[in-house]
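FYI, the numbering just counts along the sequence from 1. Everything quoted here is computed from the prediction, not taken from an experiment.
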Amino acid sequence: MPQERDNSNPPASARAEIARQKMLTAALDVFGRYGFDGASTRQLTEAAGVNLQAIPYYFGSKEGLYIATAEYLMMQIDAHVSGMRARIGAHLMALDAAGETLGETQARVFLTEILQTMVTLFVAKESEPWARFLIREQMEPTEAFKRVYQGIMRPMIEMGRRLVGAILGEDPASEHVRLRTFNLVGSILIFRFAHAAVLAQMEWDGFGPEQVEILRRLAAELADVIGPQKGGAA
């Protein structure tokens, strides 16, 4: 009779991947709390429940783990936005190929979807360690920031610029459109980066389903009201 496979002890490759994932998850939190210099290798390995040799074995060095953590963060965010980004991007590419322009109405629909996705994502508990890591990289950018910016931030910001430009009837590369786009993005990110102040001012206990829906409606409102200044001034 064929022997039954023992599923209680996964193969070495699976165990290695489990250990690697545990280290990346722990490193995202530890690096976010203490920064690269403040986080010790002992803190990192103890948080992951692995031995000290795991860092050089899986990542080569502490620096290697830090870069891998940034790439892991990119993957976490991309899992939430890649489908939307691909769908909107395909629509824009089709318009370009046909020599057609993006209409204001469709641009607002897409912009609303992006802003609502962002607000849902960034008020979630899952995004807390992301925010800590990203804030540190914004203050003192390293190679990790370059990778996150090129992989996630830049494509989303440039897509937002395209939509804002279509709504305003302006060049997406103009300084004004760039600033208006950052203004919109900041209006959403404030709910994560000023988390405690928002809860205190709104007198909310947390971001539950009711609060998330309120913020999603606000995101739709932000997309709806954006437009040229009265009198056509830039």
Side-chain angles (χ1 to χ4, degrees), residues 5-82 117-157 185-186 188-200 204-208 212:
R5 182 174 179 177
D6 181 6
N7 292 321
S8 63
N9 189 23
S13 59
R15 294 197 301 273
E17 183 57 27
I18 291 171
R20 191 173 186 278
Q21 289 296 314
K22 286 173 61 178
M23 292 190 65
L24 290 170
T25 301
L28 185 56
D29 181 63
V30 174
F31 281 133
R33 291 181 185 277
Y34 304 105
F36 177 80
D37 292 329
S40 69
T41 54
R42 186 170 296 280
Q43 280 178 306
L44 291 161
T45 53
E46 287 183 353
V50 297
N51 62 54
L52 283 170
Q53 292 305 311
I55 291 178
Y57 181 80
Y58 290 109
F59 303 100
S61 64
K62 180 182 171 184
E63 291 83 354
L65 173 58
Y66 191 73
I67 295 300
T69 301
E71 293 174 343
Y72 175 70
L73 170 58
M74 287 169 48
M75 289 175 58
Q76 297 302 299
I77 297 176
D78 193 56
H80 292 275
V81 304
S82 59
T117 299
M118 286 179 60
V119 78
T120 302
L121 181 58
F122 281 101
V123 300
K125 186 76 173 176
E126 180 184 3
S127 68
E128 284 186 14
W130 306 353
R132 294 191 192 100
F133 191 96
L134 289 173
I135 288 172
R136 287 186 175 276
E137 282 297 319
Q138 290 287 333
M139 298 300 292
E140 297 182 19
T142 69
E143 177 63 27
F145 170 76
K146 294 178 184 178
R147 299 197 184 200
V148 174
Y149 176 74
Q150 292 294 337
I152 291 291
M153 297 175 70
R154 181 176 178 177
M156 291 301 297
I157 291 170
V185 171
I188 299 301
L189 293 182
I190 193 68
F191 296 113
R192 167 50 63 195
F193 296 144
H195 180 92
V198 171
L199 293 179
W204 291 343
D205 294 328
F207 290 110
V212 171

field: Note, L44 side chain near Y34 side chain (heavy atom, < 4.5 Å)
entry: no
- request: Identify the two heavy atoms, one from R20 and one from A68, that lie closest to each other, and give their separation to 0.1 Å.
  value: NH2-CB, 4.4 Å
message: So which atom in A144 and which in A70 form the shortest heavy-atom distance, rounded to 0.1 Å?
response: CB-CB, 3.6 Å
query: By salt bridge (Lys or Arg N to Asp or Glu O under 4.0 Å), which residues pair with R136, not counting sequence neighbours?
result: none
task: Supply the atom-to-atom distance L28 CG to L65 CG, rounded to the nearest 0.5 angstrom.
output: 10.5 Å
field: Sidechain-backbone polar pair: S40 side chain, Q43 backbone, donor-acceptor under 3.5 Å
entry: yes
CD-CZ distance between Q76 and F133, expressed to the nearest 0.5 angstrom: 12.5 Å
task: Please indicate whether Y58 has more than 12 foreign heavy atoms, meaning atoms of other residues, nucleotides or ligands, lying under 6.0 Å from its OH.
output: yes
- request: Work out which heavy atom in M118 is nearest to a heavy atom in V185; give both atom names and the distance.
  value: CE-CG1, 3.9 Å
query: Between R192 and W130, does a side-chain contact (heavy atoms from CB on, under 4.5 Å) hold up when you go through it step by step?
result: CA-CA 10 Å; R192 167 50 63 195; W130 306 353; over 6 Å; no
task: Rounded to the nearest 0.5 Å, what's the gap from CE on M74 to CD on Q150? Could you check?
output: 9.5 Å
- request: Nearest 0.5 Å please: distance from the CG atom of L199 over to the CZ atom of F191.
  value: 10.5 Å
field: Heavy-atom side-chain proximity of Q21 to L24 below 4.5 angstrom
entry: yes
field: L134 and L73: CA distance, side-chain angles, deciding distance, side-chain contact (heavy atoms from CB on, under 4.5 Å) verdict
entry: CA-CA 9 Å; L134 289 173; L73 170 58; 3.7 Å; yes
- request: Classify the angle between the aromatic ring planes of Y149 and F145 as parallel (below 30°), tilted (30 to 60°) or perpendicular (above 60°).
  value: parallel
- prompt: Is there a donor-acceptor pair under 3.5 Å between the side chain of N51 and the backbone N or O of A54?
  reply: yes
query: Minimum heavy-atom separation for L52 to R42, with atom names?
result: CD1-NH2, 3.6 Å
task: Locate the shortest heavy-atom distance separating V212 from T120; write the atom from each residue and the value.
output: CG1-OG1, 4.1 Å
message: Side chains of F207 and K125, heavy atoms from C-beta outward: is any pair under 4.5 Å?
response: no
Contact check, side chains of M23 and V50, non-hydrogen atoms, under 4.5 Å: yes
For R147, all residues meeting salt bridge (Lys or Arg N to Asp or Glu O under 4.0 Å), sequence neighbours excluded: E71, E143
- line: Closest heavy-atom pair, D29 versus P129, reported as atoms and distance to 0.1 Å, is CA-CB, 4.2 Å
Evaluation steps, side-chain contact (heavy atoms from CB on, under 4.5 Å), between H80 and E126: CA-CA 11 Å; H80 292 275; E126 180 184 3; 3.4 Å; yes
- request: Classify the ring geometry between F36 and F31 as parallel (under 30°), tilted (30 to 60°) or perpendicular (over 60°).
  value: parallel
Set of residues satisfying ring-ring contact (aromatic ring centres under 6.0 Å, His included) with respect to F122, sequence neighbours excluded: none
